[in-house]
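The structure appears below as structure tokens.
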Amino acid sequence: MATTEKIARRHPDIEPNHPGELLRDVVLPALGMSVTDAARRIGVSRMQLHRILAGRATVTPDMALRLGKFCGNGPTLWLAMQQDHDLWHAERALRREIAKIETARAA
């Protein structure tokens, strides 16, 4: 029997979640943990973690390593979520400028 895989694709008009939303709305409540406790466990300031939870700071590779260890899922998810979020915003901000760039073709 053949199996097929389906790849989930997001709608291009819907903004991807900032990784801080996942932490704020799912991870910390599931753990019953405060921002202060989580910040202490991952070795950052409460304010630094709060900025990520509020979507005002990006998840850097350093932070992705910390979050990946803390959550037990590795850094890749956190970086991918941040990249999707950032790219979505950049595509909208630069849409007109990017449209003017001609795609290079090999001779």
Side-chain angles (χ1 to χ4, degrees):
M1 178 187 303
T3 60
T4 60
E5 288 186 35
K6 293 191 178 197
I7 298 173
R9 301 206 189 274
R10 66 175 173 77
H11 190 283
D13 294 332
I14 299 174
E15 177 183 2
N17 289 340
H18 186 281
E21 292 179 48
L22 179 63
L23 280 171
R24 181 189 68 225
D25 298 342
V26 178
V27 175
L28 293 184
L31 295 173
M33 192 173 294
S34 70
V35 176
T36 302
D37 290 337
R40 187 177 313 116
R41 289 192 53 185
I42 65 173
V44 299
S45 72
R46 181 195 166 287
M47 191 49 111
Q48 182 180 2
L49 183 56
H50 177 74
R51 285 192 301 269
I52 290 170
L53 297 175
R56 291 193 312 263
T58 61
V59 172
T60 63
D62 174 272
M63 183 60 77
L65 287 166
R66 294 169 187 274
L67 293 173
K69 174 64 173 158
F70 176 68
C71 295
N73 58 4
T76 305
L77 168 75
W78 303 102
L79 286 176
M81 286 186 72
Q82 186 66 59
Q83 182 179 9
D84 285 347
H85 185 266
D86 293 347
L87 186 57
W88 189 89
H89 284 279
E91 285 173 341
R92 273 134 194 85
L94 297 172
R95 182 173 280 151
R96 288 187 181 134
E97 190 173 337
I98 297 301
K100 295 175 189 175
I101 298 172
E102 183 179 333
T103 301
R105 306 264 187 238

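Side chains are part of it too, since the values below use all heavy atoms of this structure and drop only hydrogens, waters and symmetry mates. In what follows, residues are counted from 1 in the order of the sequence shown.
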| Stepwise salt bridge (Lys or Arg N to Asp or Glu O under 4.0 Å) test for Arg66 and Asp62 | CA-CA 7 Å; Arg66 294 169 187 274; Asp62 174 272; 2.9 Å; yes
| task | Applying side chain to side chain contact (heavy atoms under 4.5 Å, CB included), run through Lys69 and Ile42 and close with a yes or a no. | result | CA-CA 8 Å; Lys69 174 64 173 158; Ile42 65 173; over 6 Å; no
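In this structure, Asp37 CG and Leu49 CG are separated by 11.0 Å, a value rounded to the nearest 0.5 Å. Here the NE2-CG distance, from His89 to Asp84, works out to 11.0 Å after rounding to the nearest 0.5 Å. In this structure, CG on Asn17 lies 8.0 Å from CG on Asp25, to the nearest 0.5 angstrom. One distance of note links CZ of Arg51 with CZ of Arg46; it measures 10.5 Å at 0.5 Å rounding. Once rounded to the nearest 0.5 Å, the distance linking CZ of Arg92 with CG of Leu87 reads 9.0 Å. Here the straight-line distance linking atom OG1 of Thr76 with atom CE of Met81 works out to 13.0 Å at 0.5 Å rounding.
Follow the hydrophobic side-chain contacts under 4.5 Å out from Val44 and you never reach Leu65; the two are in separate clusters. Criterion: ILVMFWY side-chain heavy atoms under 4.5 Å apart, direct or through other members. Under it, Trp88 and Leu79 are not part of a common hydrophobic cluster.
What you find for Leu31 and Phe70 is that their closest heavy atoms are CD1-CZ, 3.7 Å. His18 approaches Gly20 most closely through the heavy-atom pair ND1-N, 2.9 Å.
The number of heavy-atom neighbours closer than 6.0 Å to CZ of Arg96, taken from other residues, nucleotides and ligands shown, is 12 or below.
Arg24 pairs by the salt bridge (Lys or Arg N to Asp or Glu O under 4.0 Å) definition with nothing, not counting sequence neighbours.
At least one side-chain heavy atom of Leu53 sits less than 4.5 Å from a side-chain heavy atom of Leu28. When side chains are defined from C-beta on, Leu67 does not count as touching Val27, because their heavy atoms never get closer than 4.5 Å. With contacts defined as side-chain heavy-atom distances shorter than 4.5 Å, the pair Trp78/Met63 does not qualify.
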